[in-house]
Amino acid sequence: KSIDDSDLDTLLDAMVRRISICVGAERSSLFLFESQQGELVARVAQGARAALIRLSPNVGIAGWVYRHNEALRVNDAQSDPRFDSSVDKRTGYQTQSILCAPIRLADGAAIGVAQALNAASGKFGLADEVLLEALLEYWAPALQLAHETRRADEASASAGRLMAITRDLARSSDSERLLTEIVEAASELVNAERATLFLHDPLREELYSRVAQGMADEEIRIPASSGIAGHSFTTGTPQNISNPESDPHFNGSIQALLGYVTRSVLAVPVLGRTGEPLGVLECLNHQNGQFSLSDQIRLEALAAQATIV
């Protein structure tokens with residue numbers, strides 16, 4: 001059985017209100033992990049503009065709890081090095097104390113976190129932590145259903161975008177427009193800052209940018225074997241690099257030329273119908289850190305569409 005968005009929001013809203021009452025907090029939030037975007041998202045939370053809160057799992061108290069899969073009490077948030085003040089700055093809320101615990105499936109895997117802010121008594125105690133974990137354990141079946149609904153929505157959205165591109169390929173002969181759509185879809189589906197489609201120029205043995213976001217009409221040309229894109233092209237393999245400057249294949253000359261800092265790279269080869277290399281579809285800088293295996297699979301599916309154009 002699945003639940004629609006309104007049912008999910010009602011369920012989560014009731015849960016966060018109950019958490020605040022039980023542990024004596026000013027406000028609470030339930031974050032579920034969205035694998036497509038690589039973010040912890042509070043769809044329903046107490047407080048102004050709470051529905052807009054999106055967090056990287058790599059920063060903040062909530063991110064720490066999600067990564068380590070263990071509860072945490074912080075009674076002086078502003079002095080804790082793990083605290084991320086960006087949400088406070090965005091919402092105007094002053095966080096003083098935090099109680100955070102992972103939301104776990106039956107197998108113990110974390111799918112999100114519950115977070116309570118600002119204890120009425122000034123500090124969260126061990127009894128509050130135990131109570132919060134007991135509530136989350138009791139709610140686990142409903143939260144698992146919410147998680148599965150979220151994952152199904154993500155998969156449906158990705159499939160719908162790919163189907164739309166496939167449909168356009170069948171109907172249109174405007175290859176330039178279709179390639180632009182593929183590049184735009186690439187950055188959207190894998191949550192990248194920008195994407196580029198490189199094609200191979202066999203006469204000059206170079207890769208050149210056929211469509212490049214953030215470059216206006218400027219063309220990029222690199223040796224076909226240069227950089228992470230070149231390595232993907234020459235080996236015919238995907239490259240998912242979380243720290244490109246430490247990668248031996250990274251070419252910093254383009255970064256220096258453009259003044260653009262590359263923090264993560266996902267590059268997949270574009271192959272012809274018989275497997276010959278035609279180019280590379282490359283995405284830069286995942287919005288929240290590192291590209292996932294799911295991102296790689298989606299990008300490979302898009303690269304296959306580029307082959308058809």
Side-chain angles (χ1 to χ4, degrees), residues 12-13 15-35 37-104 108-137 139 143 147 150 191 193 242-243 261 263-264 285-292:
L12 298 183
D13 183 66
M15 288 178 175
V16 296
R17 293 178 186 280
R18 177 57 57 185
I19 288 171
S20 294
I21 293 170
C22 289
V23 303
E26 282 187 2
R27 58 173 64 175
S28 300
S29 303
L30 279 170
F31 293 87
L32 293 178
F33 183 70
E34 282 192 356
S35 58
Q37 303 300 326
E39 296 173 322
L40 289 165
V41 179
R43 273 180 56 167
V44 178
Q46 294 173 301
R49 295 186 292 172
L52 300 179
I53 298 177
R54 290 177 173 269
L55 304 176
S56 166
N58 299 312
V59 299
I61 300 297
W64 189 95
V65 168
Y66 177 75
R67 295 194 315 276
H68 291 81
N69 197 5
E70 62 180 86
L72 185 66
R73 282 175 284 134
V74 177
N75 285 313
D76 186 4
Q78 300 296 325
S79 66
D80 193 291
R82 295 165 294 191
F83 178 65
D84 176 19
S85 63
S86 62
V87 175
D88 275 11
K89 292 176 181 177
R90 191 163 70 246
T91 63
Y93 186 74
Q94 183 72 23
T95 301
Q96 298 164 343
S97 55
I98 302 173
L99 170 61
C100 192
I103 300 168
R104 299 186 182 100
I111 60 171
V113 300
Q115 183 169 264
L117 302 180
N118 292 357
S121 62
K123 293 183 178 181
F124 291 109
L126 177 60
D128 298 318
E129 180 182 323
V130 171
L131 179 55
L132 178 57
E133 291 193 298
L135 286 172
L136 296 177
E137 183 178 0
W139 290 335
L143 288 168
H147 178 66
R150 173 65 54 76
N191 201 24
E193 287 184 359
S242 59
N243 186 13
V261 178
R263 301 184 303 275
S264 55
N285 294 354
H286 191 281
Q287 298 284 358
N288 291 303
Q290 185 175 357
F291 294 103
S292 67

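The structure presented is a predicted model; accordingly, all values stated were derived computationally and were not measured. Values below: every heavy atom of this structure, side chains too, minus hydrogens, waters and symmetry copies.
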- request: Apply side chain to side chain contact (heavy atoms under 4.5 Å, CB included) to Glu133 and Arg104, showing your working.
  value: CA-CA 10 Å; Glu133 291 193 298; Arg104 299 186 182 100; 4.0 Å; yes
Any donor-acceptor pair under 3.5 Å from [X] side chain to [Y] backbone:
X	Y	result
Glu129	Leu72	no
Arg67	Pro57	yes
Asn75	Phe124	yes
Asn285	Ser264	yes

query: Does some side-chain heavy atom of Val65 sit less than 4.5 Å from a side-chain heavy atom of Gln115?
result: no
query: Given the rule in the side chain to side chain contact (heavy atoms under 4.5 Å, CB included) test, do Asp80 and Trp64 qualify, once you have shown the distances and angles that lead to the verdict?
result: CA-CA 12 Å; Asp80 193 291; Trp64 189 95; over 6 Å; no
Testing the basics here: between [X] and [Y], what is the closest heavy-atom pair and its distance to 0.1 Å?
X	Y	value
Ile19	Ala114	CD1-CB, 4.0 Å
Leu55	Ala62	CD1-CB, 3.9 Å
Ser29	Phe31	CB-CE1, 3.5 Å
Arg263	His286	NH2-O, 4.3 Å
Ala116	Val23	CB-CG2, 3.9 Å

message: If the test is side-chain contact (heavy atoms from CB on, under 4.5 Å), which one of Leu126, Leu132, Asp128 qualifies with Val130?
response: Leu126
- line: With Asp84 as partner, the option from Ile61, Thr95, Val59, Asn58 fulfilling side-chain contact (heavy atoms from CB on, under 4.5 Å) is Val59
task: Check the angle between the aromatic planes of Phe33 and Tyr66 and answer parallel, tilted or perpendicular using the 30° and 60° thresholds.
output: parallel
Distance, nearest 0.5 Å, that separates [atom1] of [X] from [atom2] of [Y]:
X	Y	atom1	atom2	result
Ser56	Leu40	OG	CG	8.0 Å
Ile103	Cys100	CD1	SG	8.5 Å
Leu117	Tyr93	CG	OH	5.0 Å
Glu26	Gln96	CD	CD	7.0 Å
Leu99	Asn118	CG	CG	11.5 Å

- prompt: When you look at CD of Gln78, are more than 12 heavy atoms from neighbouring residues, nucleotides or ligands closer to it than 6.0 Å?
  reply: yes
